[in-house]
Amino acid sequence: MVAQAFAFVARLSPDVRRSGWKLLYQFMAFKNRDADWAFMNYGLIDLDPQAKPPHLSPADEKDRYCIQLYHHVTSAIDLTGRDVLEVGCGRGGGCSFMARYLQPRSVVGVDISERAIHICNKFHAGPRLTFFRGDAESLPFDDGAVDAVVNVESSHCYGSMPRFLSEVHRVLRPGGYFLFADLRDRNDVGRLREQMEASHMQIIKGQTITDGILAALDQDSERKKRFVRQKAPRILRGAFQEFAGLRGTRLYEEFRSGRAQYLSLVLRKTSPRGAS
């Protein structure tokens with residue numbers, strides 16, 4: 001019932017959708033302030049037989065599938081020596097992975113939830129890694145501040161995708177990259193691509209990775225189910241299971257049937273906004 005209520009509210013208006021998701025994330029950050037929950041994405045298994053999974057430290061193995069989604073998104077370019085911004089950083093696991101494994105000059109994580117940012121700063125912040133509270137549709141950064149913007153499984157919560165893309169374009173340096181992964185209803189995929197094409201950034205790579213997402217959900221379902229039992233109040237376990245896309249949930253079935261699709265895209269800023 002709780003999951004269905006959030007789904008109903010999310011359809012009412014862009015502003016209500018943004019406020020509703022913020023409320024949910026604030027609640028989760030308030031109820032679960034432990035270091036052992038660093039990722040909130042569905043995870044990925046790369047089904048390409050030639051793909052090499054990332055080498056991880058033993059401490060990171062428990063989050064392998066979630067990290068593999070970040071690895072897939074960020075491996076499109078070399079982030080060595082670059083300034084990287086993640087918009088919608090959640091609990092900070094993705095930023096931590098990038099800072100520790102990919103040799104960027106700096107990583108900054110931004111999230112709309114003050115409580116999530118508190119968790120990020122408590123467990124992940126360091127010399128090359130910082131976190132700030134910020135709105136994806138009004139980013140607290142100067143023009144041309146970063147070389148790459150990363151956005152993983154977050155944009156479906158935003159009130160306005162065009163406003164977000166405008167902000168991504170603004171904060172990127174010329175030639176900078178936008179590394180994106182998220183889910184959409186199959187009827188909205190065309191509109192998302194139109195929004196991307198209108199963003200004054202060039203799509204240089206795009207693919208549907210739903211099958212790899214489903215494979216990870218299958219492999220990681222039991223672990224996540226145990227985690228939900230440990231972390232969620234009994235009355236909210238159904239909502240948390242839906243949020244996590246566990247086997248048997250409506251979201252899982254939408255992925256399996258093709259009604260929901262998961263997209264991965266790489267865009268590059270090629271010109272100032274308004275230039276021909």
Side-chain angles (χ1 to χ4, degrees), residues 18-43 56-64 66-67 69-71 73-74 79-142 145-158 164 167-168 170-172 178-182 224 227-228 230-232 240 243-244:
R18 181 168 49 198
S19 298
W21 281 111
K22 179 182 178 182
L23 179 63
L24 176 60
Y25 286 130
Q26 289 276 68
F27 173 80
M28 290 192 295
F30 174 74
K31 293 297 291 184
N32 298 279
R33 289 170 276 186
D34 301 330
D36 60 345
W37 183 15
F39 292 89
M40 294 193 294
N41 69 63
Y42 299 133
L56 300 177
S57 70
D60 288 324
E61 279 295 337
K62 68 182 189 306
D63 295 312
R64 167 165 287 280
C66 294
I67 289 174
L69 179 57
Y70 272 91
H71 177 262
V73 171
T74 57
L79 292 180
T80 301
R82 298 180 188 260
D83 295 314
V84 181
L85 166 64
E86 182 178 12
V87 181
C89 64
R91 300 175 69 91
C95 283
S96 177
F97 162 73
M98 290 186 283
R100 290 183 293 118
Y101 284 89
L102 304 182
Q103 290 83 51
R105 178 164 58 185
S106 68
V107 178
V108 179
V110 169
D111 200 273
I112 199 169
S113 168
E114 298 94 335
R115 288 171 175 161
I117 291 299
H118 174 76
I119 290 170
C120 292
N121 279 315
K122 181 177 180 180
F123 295 117
H124 301 300
R128 292 188 299 174
L129 176 54
T130 54
F131 297 92
F132 299 98
R133 191 267 175 196
D135 188 335
E137 297 166 43
S138 182
L139 292 170
F141 296 93
D142 293 335
V146 297
D147 299 300
V149 174
V150 177
N151 187 240
V152 174
E153 211 167 293
S154 178
S155 71
H156 61 275
C157 305
Y158 302 164
F164 167 57
E167 283 292 274
V168 171
R170 181 183 66 78
V171 302
L172 278 175
F178 178 40
L179 311 176
F180 171 88
D182 206 356
K224 288 183 176 179
F227 196 79
V228 168
Q230 294 168 5
K231 300 294 184 181
F240 274 67
F243 179 84

Undergrad: Quick check for you: to the nearest 0.5 Å, what is the distance between Asp182 atom CG and His156 atom NE2?
TA: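 Taking CG in Asp182 and NE2 in His156, the distance rounds to 5.5 Å.
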Undergrad: What pair of heavy atoms forms the shortest contact from Cys89 to Asp111, and how long is it?
TA: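 The pair with the smallest heavy-atom distance is N-OD2, 3.4 Å.
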Undergrad: Does Thr74 use its side chain to pair, donor to acceptor, with the backbone of Tyr70 at less than 3.5 Å?
TA: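 Confirmed, Thr74 side chain pairs with Tyr70 backbone.
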Undergrad: Tell me every residue that passes ring pair (Phe, Tyr, Trp, His ring centres under 6.0 Å) with Phe178, counting only those two or more places apart in sequence or in another chain.
TA: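 Phe164, Phe180.
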Undergrad: Is there side-chain contact between His71 and Tyr101, with at least one heavy-atom pair below 4.5 Å?
TA: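 Of all side-chain heavy-atom pairs linking Tyr101 with His71, none is under 4.5 Å.
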Undergrad: Find the distance between CG (Asp83) and CZ (Arg105) and round it off to the nearest 0.5 Å.
TA: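 One gets 4.0 Å once the value is rounded to the nearest 0.5 Å.
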Undergrad: Looking at every non-hydrogen atom in both residues, tell me the closest pair between Asn41 and Glu153 and how far apart they are.
TA: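 Minimum heavy-atom contact is CA-OE2, 3.2 Å.
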Undergrad: Holding to ring pair (Phe, Tyr, Trp, His ring centres under 6.0 Å), I want the full list of residues that pass it with Phe141, two or more places apart in sequence or in another chain.
TA: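 Phe141: no ring pair (Phe, Tyr, Trp, His ring centres under 6.0 Å) contacts found.
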Undergrad: To the nearest 0.5 Å, tell me how far Gln103 CD sits from Met98 CE.
TA: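 Rounded to the nearest 0.5 Å, the CD-CE separation comes to 13.0 Å.
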Undergrad: Are Asn151 and Tyr158 close enough that some pair of their side-chain heavy atoms sits under 4.5 Å apart?
TA: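 Yes, their side chains come closer than 4.5 Å.
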Undergrad: So which of Arg100, Glu86, Arg128, His124 actually passes side-chain contact (heavy atoms from CB on, under 4.5 Å) with Cys95?
TA: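 Considering Arg100, Glu86, Arg128, His124, a side-chain contact (heavy atoms from CB on, under 4.5 Å) with Cys95 is found only for Glu86.
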Undergrad: For the residue pair Gly88 and Ser154, what are the closest heavy atoms and their distance?
TA: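 Answer, listing the atom of Gly88 first, then Ser154: CA-OG, 3.6 Å.
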Undergrad: For a quick test of reading the model, state the closest non-hydrogen atom pair linking Arg170 to Leu139 and the distance between them.
TA: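 In this case the closest contact between Arg170 and Leu139 is NH2-O, 3.0 Å.
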Undergrad: With rounding to the nearest 0.5 angstrom, report the SG to CG distance, Cys120 to Leu129.
TA: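 So the SG of Cys120 and the CG of Leu129 are separated by 8.5 Å.
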Undergrad: If you round to the nearest 0.5 Å, how far is CZ of Phe97 from CG of Asp60?
TA: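 Here the interatomic distance stands at 8.5 Å.
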Undergrad: Kindly indicate whether the side chain of Arg133, heavy atoms from C-beta on, has any atom under 4.5 Å from the side chain of Val110.
TA: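 A side-chain contact is absent here, since even the closest heavy-atom pair is not under 4.5 Å.
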Undergrad: Within the 4.5 Å heavy-atom criterion, are Ile67 and Phe39 side-chain neighbours or not?
TA: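 Ile67 vs Phe39: side chains touch.
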Undergrad: Would you say Val150 and Val87 make side-chain contact, with heavy atoms under 4.5 Å?
TA: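 Counting from C-beta outward, Val150 and Val87 never come under 4.5 Å.
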Undergrad: What pair of heavy atoms forms the shortest contact from Ala148 to Leu79, and how long is it?
TA: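 Heavy-atom minimum between the residues: CB-CD2, 3.9 Å.
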Undergrad: How close do Pro104 and Val84 get, heavy atom to heavy atom, and via which atoms?
TA: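 Here Pro104 and Val84 meet closest at CB-CG2, 4.1 Å.
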Undergrad: Would you check if the side chain of Asp147 reaches a backbone N or O of Arg82 as a donor-acceptor pair within less than 3.5 Å?
TA: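 No, Asp147 side chain to Arg82 backbone: no donor-acceptor pair under 3.5 Å.
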